[in-house]
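Presented below is the structure to which this report refers.
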There are 2 protein chains.
Amino acid sequence: MTNLKAAIPATQPHLIAPIENVPLRVQVADRLRGEILSGRLRPGTGLVETALAEQLNVSRAPIREAIQILENDGLVETIAYKGKRVKPLTAREVAETYSLREVFEVMAVTRILESGAPLDGLYQHCDEMTAAAKAGNYAALVAADEAFHHTLIRLADHDLLMASWRNLYMRIHQIMALRNRDEENLEEIAGNHPPIVQALADRDAERAMSLISEHTRILAAFDPDGIVQAL
Amino acid sequence: MTNLKAAIPATQPHLIAPIENVPLRVQVADRLRGEILSGRLRPGTGLVETALAEQLNVSRAPIREAIQILENDGLVETIAYKGKRVKPLTAREVAETYSLREVFEVMAVTRILESGAPLDGLYQHCDEMTAAAKAGNYAALVAADEAFHHTLIRLADHDLLMASWRNLYMRIHQIMALRNRDEENLEEIAGNHPPIVQALADRDAERAMSLISEHTRILAAFDPDGIVQAL
DNA sequence: TTCTTATGCATTGTCGACATTCCACAATCA
DNA sequence: TGATTGTGGAATGTCGACAATGCATAAGAA
């Protein structure tokens with residue numbers, strides 16, 4: 001990891017595009033979160049404050065606060081006076097994550113149908129997913145998938161649901177990054193989404209919810225072996 | 001607030017019951033959380049690190065970390081270089097809190113009926129609520145109500161659901177504390193619960209879920225005026 | 001007066017140093 | 001040998017001081 005503070009000179013004059021004044025703890029947290037969610041920092045990896053402070057060239061205070069942010073994201077766990085590490089994933093936690101996501105998305109579908117919100121964006125993200133699947137581009141598929149579900153939740157117009165979903169989806173992001181991507185059928189994943197949109201367009205709550213449930217459960221069942229690490 | 005560190009002498013010999021070594025940040029966070037959830041620290045109240053540090057006789061570091069914990073609990077918000085305060089409650093947030101709680105509890109009911117878990121404890125908490133309602137003891141009613149719903153969630157055997165529910169219920173706790181308790185019909189609240197247990201005992205998912213929904217919506221509608229504070 | 005600019009204050013952000021704790025491992029004794 | 005005790009290192013926990021920021025308010029010019 002490269003220096004963080006170097007990017008923000010101490011006495012910078014007001015430029016055209018004034019650099020957002022982001023606290024170091026947030027920069028550090030975003031960076032570490034990215035490392036974890038991308039799978040580069042695997043579950044179980046120890047996080048030593050002094051080492052990180054030296055690597056990132058900041059003091060321990062913002063490191064500590066950043067790690068605490070990640071702890072509250074559920075990505076890191078602390079054992080007092082002993083150490084901090086990337087939270088190991090258990091099979092149970094993976095299953096619970098997906099089952100909760102299912103409930104969130106069913107709630108979103110219910111609210112969307114109740115409010116009659118327009119389905120803007122969903123079609124577009126479906127197309128993106130299909131294209132990514134055909135191109136065999138895993139990263140693009142994941143991004144489009146996230147955009148699709150993010151839009152679905154956004155249409156539910158429920159801030160708390162959105163916040164909870166985002167928190168949950170971080171773990172899903174991590175799980176997907178840790179999976180062996182070769183084992184997944186990209187076309188199938190992409191193909192699961194258009195029927196959901198169609199059911200929403202038809203105002204068919206039952207069908208939409210059952211499709212969502214089925215889709216979620218298929219993804220959850222994709223956990224063959226490697227992800228879960230013993231404590 | 002009284003001194004925190006005074007309760008834990010620096011060089012205390014090992015006694016029979018060695019005092020749990022709880023980090024100061026956790027002690028501070030628990031204390032402030034209690035103040036907020038009980039309504040003694042009202043939404044909008046400013047939290048100044050230096051003042052708290054002096055009051056509690058600790059340095060600013062644990063205060064900062066404690067406030068960050070509360071921030072991640074959704075109870076406090078920070079504006080960089082400006083200040084921190086107890087997060088104001090909006091009418092929308094109150095409504096969203098209850099609607100999400102409804103979804104959580106419906107999920108719990110579904111899982112309980114699927115797994116056939118025994119309904120231990122629910123009957124007892126119902127009795128406690130009835131007794132508290134008859135005695136006009138609002139605090140006891142709230143405690144029994146929380147115990148009831150906590151048990152309901154616990155029976156669902158879903159750690160992530162439990163964690164999400166606890167986080168959500170904190171806000172409900174706060175809302176209930178801020179309400180004018182005289183306006184509530186204690187007997188009605190207590191009376192809402194036994195039918196839910198009965199429906200569970202009858203394995204009647206539809207009835208249980210609709211009772212839960214109704215109960216939640218009645219509580220949510222209880223927000224007549226006072227709670228929400230303008231920014 | 002009225003708008004602009006500067007300056008002081010309150011608050012949070014960051015830092016380096018020291019204190020505390022836990023764990024592992026060696027040293028000691030029965 | 002086996003258990004107990006002590007000691008050292010590694011990590012987090014806490015502290016006090018200083019830096020950076022934003023806002024309000026006062027000072028000054030048109």
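Letters go in sequence order (proteins before strands), and every chain restarts at 1. Since this is a predicted model, take the numbers as computed values, not measurements.
- The separation between B/Glu71 atom CD and C/dT12 atom C1' is 12 Å, rounded to whole Å.
- The side chain to side chain contact (heavy atoms under 4.5 Å, CB included) search around B/Ala163 returns none, not counting sequence neighbours.
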Dump every N/O contact between nucleotides 11-13 of chain D and the protein below 3.5 Å, one line per pair.
unit_1: D/dT12; atom_1: OP1; unit_2: A/Leu47; atom_2: O; d: 3.1
unit_1: D/dT12; atom_1: OP2; unit_2: A/Glu49; atom_2: N; d: 3.1
unit_1: D/dG13; atom_1: OP1; unit_2: B/Arg25; atom_2: NH2; d: 2.9
unit_1: D/dG13; atom_1: OP2; unit_2: A/Arg64; atom_2: NH1; d: 2.7
unit_1: D/dG13; atom_1: OP2; unit_2: A/Arg64; atom_2: NH2; d: 3.0
unit_1: D/dG13; atom_1: N7; unit_2: A/Arg60; atom_2: NH2; d: 3.0
unit_1: D/dG13; atom_1: O6; unit_2: A/Arg60; atom_2: NH1; d: 2.9

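- Secondary-structure annotation of DNA chain C gives the stems C:1-30 with D:1-30, with a stem taken as at least 3 successive Watson-Crick or G-U pairs whose two distances both fall under 3.5 Å.
- B/His215 is linked by a ring-ring contact (aromatic ring centres under 6.0 Å, His included) to B/His149, B/His193, counting only residues two or more places apart in sequence or in another chain.
- Considering only side-chain N and O atoms, B/Ser59 lies nowhere under 4.0 angstrom from the phosphate OP1 or OP2 of D/dT14.
- Screening residues 49-59 of chain A for salt bridge (charged side-chain N to carboxylate O under 4.0 Å, His left out), with sequence neighbours left out, gives A/Glu49-A/Arg60, A/Glu49-A/Arg64, A/Glu49-A/Lys84.
- Using a 4.0 Å cut-off between charged nitrogen and carboxylate oxygen, B/Arg40 and B/Glu35 count as a salt-bridge pair.
- At whole-Å resolution of the value, CD1 in B/Ile63 and P in C/dG13 are 14 Å apart.
- Every residue was checked against the salt bridge (charged side-chain N to carboxylate O under 4.0 Å, His left out) condition with B/Asp145, not counting sequence neighbours, and none meets it.
- Partners of A/Arg111 according to the salt bridge (charged side-chain N to carboxylate O under 4.0 Å, His left out) rule, which considers only residues two or more places apart in sequence or in another chain, do not exist here.
- Residue pairs meeting the ring-ring contact (aromatic ring centres under 6.0 Å, His included) criterion with at least one member in residues 69-106 of chain B, sequence neighbours excluded, do not occur.
- Atom CG in A/Leu52 sits about 14 Å away from atom P in C/dC15, given to the nearest Å.
- The list of salt bridge (charged side-chain N to carboxylate O under 4.0 Å, His left out) pairs with a residue in residues 157-172 of chain B, not counting sequence neighbours, reads A/Arg92-B/Asp157, A/Arg92-B/Asp159, B/Glu93-B/Arg171.
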